[in-house]
Amino acid sequence: MQGTIIKSTGSWYLVRTSDGQVWKCRIKGKFKLKDYKLTNPVAVGDEVKFDAEKEEGHGIINEILPRKNFVLRRSTRQKHFMHLIACNVDQAFVIVTIKRPNIKPGFIDRFLLTTESYNIPTYIIFNKCDIYDAEDLELYEALKVIYKNAGYQTMLVSAETAEGLDELKALLKDKSTLISGHSGVGKSSLVNAIQPQFELRTGDISGITDKGMHTTTFAEMFELDFGGRIIDTPGIKELGFLNMEPKDVSHNFPEIFALSPKCKYSNCLHINEPHCAVKAAIENEAIHPLRYQSYLSIMEEVMEQKHWERHDI
Ligand SMILES: Nc1nc2c(ncn2[C@@H]2O[C@H](COP(=O)(O)OP(=O)(O)OP(=O)(O)O)[C@@H](O)[C@H]2O)c(=O)[nH]1
Ligand SMILES: [Mg+2]
Ligand SMILES: [Zn+2]
C-alpha cells in the first residue's frame, strides 16, 4: 500500500492512503539521505509504501518514494545530524512577529536560505498585527521593502482578528504548505483561524522571556476543506546548517547572486575580494546591510565548519 506521512513522532507515523484511511505505522530498516546523517528517516509529506500488520490499522513502512524537495535543519542536540522538517512541499510560510516574541531578522534570512536551496517559494508572514503600534508598523514597512528587494513577499495578518486571512487562504488553496517559525509566533493559532475545526493546541508566551512555550511537539499535516494541505510544525529554537558549501550560501541569497556576474572574479564570495559588485551595492544601499550582515555571519559559520571538517581525525 502507499500513502502520505501526515504525522511523525519519531517512533511511529500516521500514513494516509488516497482513500482517506489513516494507518499507524512503524519503520523497518535503515533509510539514508545521500550526504546526510538524519535524526529522523522520514518526515511529514513523505510518500511511503507500507505493509499491513496483523493488528488492525497498523503497518510497517518499507520504502520511501523519491522526494521532490525537503526542508532540513541541523539537529539541536546532535550537532552532526540533520533533522527533516517536512518533505514534498509546494511552498513555505515563515511566520514571524514584530513583538511577543520579538523579531529576529537573522532567523528570517536563515529560513529563506534553507528553502531557497531547494527552490521552495517562501512567504514571510507577520502575525499578531492586532498588537502592533505605529512604531512596529513602521518597522514592518521597512522590512517589507528589504525583503521585496530580495525577491520575497511579506504579509501582515492576525490570527486574533482574522485580518489578512483571506489573502493567506488564497495562497494556501490547492498547495501543500509548510508553516514554520519560532515558538509562540502563532503558527497553530493561524491554522485554527483558517480552519477552526482542527482545534490545535496553542500556548501562552512566557511573561519572563517573552518567548513561546514549545506547545506543538510534532509536525502534522491537515487537509484544508477549500483545497490544499497545511503542515503545522513545532517552533524552531535555532536554525543551524551542516555540510553547506560557501557557494551554497552565495547562490541562495537571490539579490546577492543576481549581482555576482558583475564581480571581477567568477567565484567571488563577496567578502573582501577586489572589484566586487556586491560590496559596491552595499555602499550605495542597493543591497540592504541587514541582509548582508546575515550573509556574512552564515558564511563565516559555514567556513568555520569546513575548517573543522578538514581537521577532523
Ligand atoms: N494578539 C495576538 N496573539 C496571538 C495571535 N496569534 C497567536 N497569538 C497568541 O500567541 C500565543 C502562541 O500561539 P501558538 O499558536 O501556540 O504559537 P505557535 O507558533 O504554534 O507556538 P509553538 O507551537 O510553541 O511553536 C498564544 O497565546 C496565542 O493566543 C494574534 O494574531 N494576535
Ligand atoms: Mg504550535
Ligand atoms: Zn563579489
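All residue numbers in this chain count up from 1 along the given sequence. Order of appearance sets the numbers: ligands from 1, and atoms from 1 within every ligand.
Partner of Cys87 under the side chain to side chain contact (heavy atoms under 4.5 Å, CB included) criterion, out of Val89, Ile85, Leu84: Leu84 alone.
Salt-bridge formation is not detected for the pair Glu220/Arg201: no Lys NZ or Arg NE/NH1/NH2 atom is positioned less than 4.0 Å from an Asp or Glu carboxylate oxygen.
Shown here are the protein N/O/S atoms lying under 2.8 Å from the Zn ion (ligand 3), water excluded: Cys263 SG, Cys268 SG, His270 ND1, Cys276 SG. The Mg ion (ligand 2) has Ser188 OG, Thr216 OG1 as protein N, O or S atoms under 2.8 Å away.
Both Val185 and Met155 are assigned to one and the same hydrophobic cluster, defined by single-linkage of ILVMFWY side chains at heavy-atom distances under 4.5 Å. In the hydrophobic clustering of ILVMFWY residues, with side-chain heavy atoms under 4.5 Å counting as a link, Val44 and Trp12 come out together. Under a hydrophobic clustering in which Ile, Leu, Val, Met, Phe, Trp and Tyr are joined whenever their side-chain heavy atoms come within less than 4.5 Å, directly or via other members, Ile95 and Met221 fall into different clusters. Grouping the Ile, Leu, Val, Met, Phe, Trp and Tyr side chains by contacts below 4.5 angstrom, directly or via other members, places Ile205 apart from Leu200.
The stretch residues 249-276 participates, sequence neighbours left out, in these side chain to side chain donor-acceptor pair (under 3.5 Å) pairs: Glu255-Arg291. Within the structure, ring pair (Phe, Tyr, Trp, His ring centres under 6.0 Å) pairs that include any residue of residues 95-131 comprise Phe70-Tyr118, Phe93-Tyr123, Phe107-His182, Phe126-Tyr140 (at least two apart or interchain).
Between the NZ atom of Lys49 and the SG atom of Cys25 there is a distance of 14.5 Å, given to the nearest 0.5 Å.
The shortest N or O to N or O distance between Asp232 and ligand 1 is not under 3.5 Å. Not a single N or O atom of Cys129, backbone or side chain, sits closer than 3.5 Å to an N or O atom of ligand 1. Residue contacts with ligand 1: Met213 is placed with no nitrogen or oxygen under 3.5 Å of a nitrogen or oxygen of the ligand (distance criterion only). Considering backbone and side-chain N/O of Thr202, none are found under 3.5 Å from N/O of ligand 1. Of the N or O atoms in Thr233, none lie within a sub-3.5 Å distance of an N or O in ligand 1.
More than 12 heavy-atom neighbours from other residues, nucleotides or ligands sit within 6.0 angstrom of CD on Gln197. By the 6.0 Å contact criterion, NZ on Lys68 is enclosed, its count of non-hydrogen atoms from other residues, nucleotides or ligands being greater than 12.
Residue Asn127 touches ligand 1 through its side chain alone, judged by heavy-atom distances below 4.0 Å.
Interface of Lys187 with ligand 1, defined as ligand atoms under 4.0 Å from a residue heavy atom, comprises 15 (O), 17 (O), 18 (P), 19 (O), 20 (O), 21 (O), 22 (P), 25 (O). Atoms of ligand 1 found under 4.0 Å from any heavy atom of Asp130 (numbered from 1 in listed order, with element): 1 (N), 2 (C), 30 (C), 31 (O), 32 (N). Atoms of ligand 1 lying under 4.0 Å from at least one heavy atom of His214, given by number and element, are 24 (O). Near Ile131, the atoms of ligand 1 lying under 4.0 angstrom from a non-hydrogen atom of the residue are 1 (N). Numbered from 1 in the order shown, with element, the atoms of ligand 1 that lie under 4.0 Å from a heavy atom of Gly235 read 25 (O).
Using a 3.5 Å distance cut-off with no hydrogens or angles, the side chains of Ser75 and Thr39 do not pair a donor with an acceptor. Between Asn69 and Asn119, the side chains place no donor N or O within less than 3.5 Å of an acceptor N or O (distance only, hydrogens not considered).
Taking a 4.0 Å cut-off on heavy atoms, Gly203 registers as neighbouring ligand 1.
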*Checking salt bridge (charged side-chain N to carboxylate O under 4.0 Å, His left out) for the pair Glu238/Lys79: CA distance, chi angles, key distance, verdict?*
CA-CA 12 Å; Glu238 56 173 53; Lys79 300 281 186 202; 3.3 Å; yes

